[in-house]
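Everything on this sheet refers to the single structure shown next.
Worth knowing before you read on, the calculation uses all heavy atoms, side chains too, and leaves out hydrogens, waters and symmetry mates. Numbers for residues simply follow the sequence, beginning at 1. Note that the structure is a prediction, hence the values are computed from the model and not measured.
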Amino acid sequence: MSVLGQFDLEPFLDKVFSMDEILEFYEIFSSFDVDHSGTIEEDELGACLASVGMKASKTHVREMMDEIDEDASGSISFEEFLEVVRRRHTQRSAEEDLRSAFETFDKNHSHFIEAEDIKALLLTLGEKISDDDAHEMIRIADMDKDGKVSYEDYKQLIQSMSEERQS
């Protein structure tokens with residue numbers, strides 16, 4: 001029987017991680033499980049996450065622990081650890097997608113979306129808009145009202161649009 005045979009890996013396989021990735025996570029998890037209890041403590045979770053490339057503040061580790069540690073034992077099992085990694089991976093993927101979408105608009109790499117960026121992108125899609133319309137779009141998307149659309153403005157705009165759709 002495989003070392004991973006004792007775990008219910010179905011929720012993680014093929015949808016998020018390959019078996020090789022899960023095995024690598026298990027090896028890392030096991031290296032932090034120094035007493036071989038099959039669990040790791042909160043203080044070890046942050047270091048364990050960092051070793052798989054997912055840094056988290058102590059506050060965020062505490063929040064994850066509170067959310068995942070359903071029996072409030074102060075420790076998490078390998079399957080609970082995989083759930084933490086899955087959630088962080090999903091959040092990071094969403095953030096990467098959002099960043100990529102922002103960069104699609106930011107043609108001149110100024111780290112801001114400007115009226116000319118909007119006009120150029122829409123023109124590639126076969127839509128021609130006036131300078132006034134492009135500036136109005138910037139005004140609407142400029143969440144902090146500093147006259148330009150930063151990544152944070154864009155992120156807030158997308159999140160507010162998503163929340164509106166859900167309600």
Nearest heavy-atom neighbours spanning [X] and [Y]:
X	Y	value
Gly147	Ile138	O-CG2, 4.2 Å
Gly46	Val61	CA-CG2, 3.8 Å
Val149	Asp142	CG2-N, 4.0 Å
Ile113	Ile118	CG2-CG1, 3.9 Å
Met65	Glu41	CE-C, 4.1 Å

Taking the six-membered ring for Trp, are Tyr26 and Phe29 parallel (under 30°), tilted (30 to 60°) or perpendicular (over 60°)?
parallel
Below 4.5 Å, heavy atoms only, C-beta onward: do [X] and [Y] meet side chain to side chain?
X	Y	answer
Arg99	Tyr151	yes
Ile22	Phe78	yes
Phe81	Ile68	no
Glu44	Asp33	no
Lys119	Leu123	no
Val84	Glu67	no
Glu83	Ile76	no

At what distance, to the nearest 0.5 angstrom, does [atom1] of [X] lie from [atom2] of [Y]?
X	Y	atom1	atom2	result
His111	His109	NE2	NE2	9.0 Å
Arg62	Glu42	CZ	CD	3.5 Å
Leu98	Glu103	CG	CD	10.5 Å

Look at the side chain of [X] and the backbone N and O of [Y], then say whether any donor-acceptor pair between them is shorter than 3.5 Å.
X	Y	value
Glu80	Ser77	yes
Asp106	Ser110	yes
Asp69	Gly74	yes
Asp153	Asp144	yes

Transitively linked via ILVMFWY side-chain contacts under 4.5 Å: Ile158 with Phe102?
yes
Tell me whether Phe112 is reachable from Phe105 by hopping between hydrophobic residues (I, L, V, M, F, W, Y) whose side-chain heavy atoms are closer than 4.5 Å.
no
For Phe32 and Thr39, run side-chain contact (heavy atoms from CB on, under 4.5 Å): C-alpha distance rounded to whole Å, both residues' side-chain angles, the deciding distance at 0.1 Å, then the answer.
CA-CA 9 Å; Phe32 286 91; Thr39 62; over 6 Å; no
Could you tell me whether the side chains of Ser160 and Gln156 share a donor-acceptor contact shorter than 3.5 Å?
no
Is it the case that Ser130 and Asp132 place a side-chain donor and acceptor less than 3.5 Å from each other?
no
Is the number of heavy atoms from other residues, nucleotides or ligands within 6.0 Å of NZ (Lys128) greater than 12?
no
Does the pair Ser73 and Ser75 meet the rule for a side chain to side chain donor-acceptor pair (under 3.5 Å), with working shown?
CA-CA 5 Å; Ser73 65; Ser75 60; 3.3 Å; yes
